[in-house]
Structure formats: structure tokens, C-alpha cells
2 protein chains.
Amino acid sequence: MNEEVGDFLKAVNNLSVLSEQATSELLECVRTKKYMKGDVIHEEGKLCRNLFFIKTGLAKHFYYHKGSQFIFRFFEEDHFFIATDSFFKNLPADYSTLALEDCTINYLLYDDFERLCNKYHSFESFARKFVSVVASTAISNLKGLLYLDATGRYNKFLKEYGHLQQRISLGDTAAFLGISQVSLSRIRSKK
Amino acid sequence: MNEEVGDFLKAVNNLSVLSEQATSELLECVRTKKYMKGDVIHEEGKLCRNLFFIKTGLAKHFYYHKGSQFIFRFFEEDHFFIATDSFFKNLPADYSTLALEDCTINYLLYDDFERLCNKYHSFESFARKFVSVVASTAISNLKGLLYLDATGRYNKFLKEYGHLQQRISLGDTAAFLGISQVSLSRIRSKK
DNA sequence: GAAATCCTTTTACAAATGTTAAAAAGTTAT
DNA sequence: ATAACTTTTTAACATTTGTAAAAGGATTTC
């Protein structure tokens with residue numbers, strides 16, 4: 001097996017065990033690309049229907065609103081991600097994804113994804129479970145933003161992303177929490 | 001066909017056209033229940049793995065935190081909903097759903113749902129697409145909470161749920177926006 | 001139709017967060 | 001080691017939002 005896509009396949013099988021046929025057809029489709037720290041992996045406003053998998057590195061989903069940057073998700077190694085609106089609705093992406101560290105990324109073109117979904121029940125099942133994780137995470141974050149104040153959100157961040165704290169800057173953390181950098185600095189200093 | 005589940009079936013086929021076999025097996029499983037205004041449809045802390053469909057009426061997802069109620073979704077007629085954490089992860093629900101008006105609800109037990117998923121590719125495909133909608137909606141709301149202030153969120157609410165405005169109280173609207181009732185009243189009066 | 005109840009608005013004050021600017025600390029490149 | 005640059009902290013002030021209490025409207029119940 002192509003060494004570069006082993007982790008990808010493992011992550012897929014972790015959600016739904018693929019049939020042999022599905023596995024070999026999937027392996028033929030998966031591509032690999034490397035990004036340098038600071039590179040844009042996909043861009044707001046453009047269509048991007050790939051299913052991405054971070055083999056190594058760290059990335060963020062972000063977008064700009066009135067000149068400020070907002071982040072709503074970090075992705076570390078061994079995680080899938082997509083440009084949600086593009087992927088689900090075939091619309092221009094409403095956010096960009098940027099490599100916060102050098103990244104090695106596996107990806108699957110949408111046409112291949114859709115074909116595998118239609119052809120192999122086991123792959124469609126993976127797709128459903130992957131999307132479930134996307135929904136669960138978004139809802140959890142949504143709840144956090146609804147009922148927690150800035151301090152509460154920071155604590156939630158530490159609990160869920162604590163292991164990434166050293167790899168994420170204060171500015172990016174603040175943009176993720178939806179508060180100003182200054183406010184986050186104040187919160188930190190009170191501890 | 002059982003008249004009570006026609007809309008349910010139509011909504012399913014709208015996402016993925018079911019095979020004949022899948023359709024007839026689905027129809028055997030769908031149940032119907034009526035709720036009065038104020039009734040709890042499923043409760044925080046309890047397992048609830050049903051897939052619900054509102055045939056008529058209006059409902060809200062809500063939960064309490066430190067004595068205050070927070071709402072993160074309204075559901076009107078012709079919409080599916082689930083207790084996300086229960087449905088996806090087999091955990092106790094982390095929110096309740098309550099009928100804001102008298103409701104007629106169709107629902108599918110999880111075991112039937114899962115069996116239909118495994119047995120019929122066309123139903124698994126429906127499941128994937130349904131979950132995609134859940135994810136898309138959650139992410140859209142998440143973005144709104146991240147970058148909009150109270151006024152901006154209210155405007156977004158009017159745009160997306162404007163047609164429901166007369167059916168939703170100010171208190172529930174405020175709980176949905178994550179702001180106090182007083183603050184919402186202030187915003188309204190400025191218009 | 002009066003009383004009771006619920007929902008919305010208003011007021012006054014307190015607390016949290018934002019904005020701007022500047023200083024301090026930390027990093028990187030030469 | 002120094003300079004240039006980036007990130008984080010601190011300070012001062014403005015604005016937004018929250019809280020609590022009271023008043024005003026609307027609706028329901030008897």
C-alpha cells in the first residue's frame with residue numbers, strides 16, 4: 001500500500017469498515033500534497049469540494065468579517081476536514097483553510113467521493129458517520145458560544161484543545177473564542 | 001398509503017429517492033404522535049435516538065445553564081430533528097425539545113433507522129444528506145454567534161426565521177440569540 | 001368585567017468586553 | 001549581538017450587555 005495514505009485509510013475504517021473493493025478503489029483516488037506554514041489550502045469564495053485529511057501538521061478554518069479574522073475550527077493531524085458549504089451544497093466556500101504549520105495532506109476529489117458513496121454502501125456509511133462528527137462538533141461549539149462568557153469559553157477551549165495550546169497563538173485563540181486579543185490576555189492574567 | 005406519514009416520506013425522497021423496498025419497509029416503521037403546546041418531546045439527560053419529523057406545529061431545542069434557558073434551534077412543520085448527542089453518540093441528550101404549539105410528529109425508532117441504513121443504500125444516502133443539513137445549519141449559526149453582536153444576530157434571525165417571528169415569543173427569541181430579554185427589547189425599540 | 005397571569009418595555013446601575021495606543025517581551029534574521 | 005519584527009501585556013476610556021425592579025399591555029380565567 002502507498003505509505004502516504006495509510007493513516008487516511010485507517011481513519012476511514014475507524015468510522016466504517018470498507019469492503020475490499022471499496023478500499024482498493026479508494027486507494028487509487030487518494031492524492032497527497034504538502035503545504036508550507038502559512039499556505040492557503042482552500043480559499044473563501046472559491047468552490048472546493050475535496051475531502052481533506054491532515055496526515056501531519058495543524059490548520060485553521062477562518063474568514064474575515066469587517067476586517068477582523070474569525071476562526072471556528074482547528075484541525076490537527078489525523079483529522080478530516082472540508083469546506084462545508086462547498087462540499088454539502090456546491091456553493092463557493094464561506095471560509096478559508098490555512099496551514100498553521102507545515103502540513104502533509106491527503107485529499108479526495110469530490111467526484112471520486114460521490115462515486116464511491118454511490119457505488120459502495122460501506123463508503124456511504126463512512127460518509128454519514130464523518131458528517132455526523134462534523135455536526136456534533138459544530139453543535140458543541142455552538143452551545144459553548146451561546147451560554148458561556150469569554151472566560152467560560154477559554155476554559156472550554158483549554159479542556160478540548162489544551163493539547164494544542166502551545167501550537168496556537170493567542171491571536172488565533174482569541175479569534176476562535178470570538179473575543180478580542182486584549183480580552184483574552186486579561187483572562188489569562190487573572191489565572 | 002397511511003395518510004399520516006405522506007409528508008415524512010416526501011421529505012425523505014426530497015433528499016434521496018428511496019428504492020421501492022426501502023419505501024415500503026420505512027412506511028411500516030414510521031409512527032405518529034400528537035403533542036400539546038408545552039409538552040416535552042424528549043428530555044435532556046435521557047437517551048432518545050428517534051428521528052423526528054414535524055408534520056404540523058413548532059418546536060424548540062433548549063437546555064438550562066445556571067438557571068437560564070438557552071435555545072439553539074427552532075423547528076417548524078416539514079422539518080426533521082434529532083437529539084444530536086443521543087442520536088450520533090448514544091449518549092444522554094444534552095438538550096430537550098419542547099412543543100411551542102400543538103404538534104403532530106412522525107418518528108422513527110433508532111433501531112429501525114439503523115437497520116434501514118444498513119439494509120438500503122438509498123436510505124443510508126438519505127441519512128448522510130440529512131446529517132449534512134444538520135451540520136450546515138449548525139455551522140451557519142456558529143458563524144453568526146462568532147462574529148455578530150446582538151443587533152447583528154437579531155437581523156440574521158429576522159432574515160432566516162422572519163416568517164416565524166409572530167409564532168416565537170420575545171423571551172424565546174432572546175434565548176436563541178444568547179442575549180437577555182431586556183437587551184433584545186432595547187434592540188427592537190431602536191428600529 | 002375584574003382579577004390574575006403572562007409577556008414586553010423601561011429605568012438605573014453594575015459588570016464585561018471592545019478599542020486604541022503604547023510598552024514589554026519574545027523571535028528571527030543578519 | 002543588534003536590529004527588525006512579531007506577539008503579548010498593560011492602561012485608559014468608551015460601549016455594549018447584563019441584572020433587578022417596576023410599570024405597562026395583553027391575554028386568560030373565573
Side-chain angles (χ1 to χ4, degrees), chain A residues 36-39 58 60 62 64-72 74 98-102 141-158 161-162 164-191, chain B residues 36-39 58 60 62-72 74 98-102 142-158 161-162 164-191:
Chain A
M36 301 283 285
K37 174 176 175 172
D39 283 353
L58 183 68
K60 66 175 175 183
F62 74 99
Y64 283 93
H65 181 79
K66 294 192 180 168
S68 300
Q69 182 179 130
F70 295 87
I71 297 174
F72 60 97
F74 296 105
L98 181 139
L100 292 173
E101 302 174 353
D102 292 352
N141 287 341
L142 180 62
K143 286 187 65 180
L145 281 179
L146 250 191
Y147 70 74
L148 296 176
D149 63 5
T151 305
R153 275 181 259 170
Y154 182 58
N155 290 332
K156 187 169 189 280
F157 169 79
L158 288 182
Y161 292 90
L164 296 180
Q165 208 194 346
Q166 299 79 356
R167 296 164 70 184
I168 298 173
S169 74
L170 178 135
D172 276 352
T173 305
F176 174 75
L177 299 174
I179 61 180
S180 71
Q181 208 163 323
V182 175
S183 186
L184 177 54
S185 189
R186 274 194 286 243
I187 289 164
R188 269 190 179 176
S189 69
K190 270 181 205 152
K191 295 232 157 182
Chain B
M36 302 282 285
K37 174 177 176 172
D39 283 353
L58 183 69
K60 66 176 175 183
F62 74 99
Y63 55 96
Y64 283 93
H65 180 80
K66 295 194 179 165
S68 300
Q69 182 177 131
F70 295 87
I71 296 173
F72 61 97
F74 296 105
L98 183 138
L100 291 173
E101 302 173 353
D102 292 352
L142 180 61
K143 286 186 66 181
L145 281 179
L146 250 191
Y147 70 75
L148 296 176
D149 63 6
T151 305
R153 274 181 261 172
Y154 182 59
N155 290 332
K156 187 170 188 280
F157 169 80
L158 288 183
Y161 292 90
L164 297 180
Q165 209 194 346
Q166 300 79 355
R167 296 164 71 185
I168 298 173
S169 74
L170 179 135
D172 276 352
T173 305
F176 175 74
L177 299 174
I179 62 180
S180 71
Q181 209 163 322
V182 175
S183 187
L184 177 54
S185 189
R186 273 193 287 242
I187 288 164
R188 270 190 178 176
S189 70
K190 269 180 207 153
K191 295 228 158 185

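Here is the naming used below: chain letters follow the sequence lines, and residue numbers restart at 1 for every chain. Values reported hereafter were calculated over all heavy atoms of this structure, with side chains retained and with hydrogens, waters and symmetry mates removed.
Taking the side chain as every heavy atom from C-beta outward, A:Ile179 and A:Tyr154 never approach each other to under 4.5 Å. For the pair B:Ile168 and B:Lys60, the minimum side-chain heavy-atom distance is 4.5 Å or more. Side-chain contact between B:Leu177 and B:Lys156: absent, with no pair of heavy atoms (C-beta onward) separated by less than 4.5 Å. With a 4.5 Å cut-off on side-chain heavy atoms, A:Lys143 and B:Phe70 do not count as touching.
Atoms CZ and CG, from B:Arg153 and B:Leu158 in turn, are 14.0 Å apart once rounded to the nearest 0.5 Å. Distance CZ/B:Phe62 to CG/A:Leu146: 14.0 Å, rounded to 0.5 Å.
Summarising the geometry, the separation between CG on B:Leu145 and C1' on D:dT17 is reported as 15 Å, rounded to the nearest angstrom. With rounding to whole Å, B:Ile187 atom CD1 is found 8 Å from D:dG18 atom P. B:Ile168 has its CD1 atom 14 Å from the P atom of C:dC7, to the nearest Å. We find that CG of B:Leu184 is positioned 10 Å from P of D:dG18, with the value rounded to whole Å. In this entry the distance linking CG of A:Asp172 with C1' of D:dT8 reads 14 Å, nearest Å. Regarding B:Gln165, its CD atom lies at a distance of 11 Å from the P atom of C:dT8, rounded to whole Å. Taking atom CG of A:Leu170 as the reference point, atom P of C:dT27 lies 14 Å away to the nearest angstrom. Taking atom CG on A:Asp149 and atom P on D:dT19, their separation rounds to 10 Å, with Å as the unit.
In plain terms, the two heavy atoms of A:Leu170 and A:Leu184 that are nearest each other are O-CD2, 3.6 Å.
Although no hydrogens or angles enter the test, the distance criterion places no donor-acceptor pair under 3.5 Å between the side chain of B:Asp102 and the main chain of B:Met36.
Residues satisfying the ring pair (Phe, Tyr, Trp, His ring centres under 6.0 Å) test with B:Phe157, not counting sequence neighbours, are B:Tyr161, B:Phe176.
Contact annotation for A:Ser183: backbone-only contact, meaning every heavy-atom pair under 4.0 Å involves sugar-phosphate atoms and none involves a base.
Projected onto DNA chain C by closest heavy-atom contact, A:Ser68 and B:Ser185 fall at different nucleotides, the more 5' of which corresponds to B:Ser185.
In this structure, of C:dG18, D:dT9, D:dT17, it is C:dG18 that holds the atom nearest to the side chain of A:Arg186. The side chain of B:Arg188 lies closest to C:dT9, out of C:dT11, D:dT9, C:dT9.
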With the sugar-phosphate defined as primed atoms, P, OP1 and OP2, and the base as all remaining atoms, what B/S/- string results for nucleotides 23-30 of chain D, 5' to 3', for protein heavy atoms under 4.0 Å?
-> --------

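If you check residues 173-181 of chain A against DNA chain C, the residues with a heavy atom closer than 4.0 Å are A:Gly178, A:Ile179, A:Ser180, listed by number.
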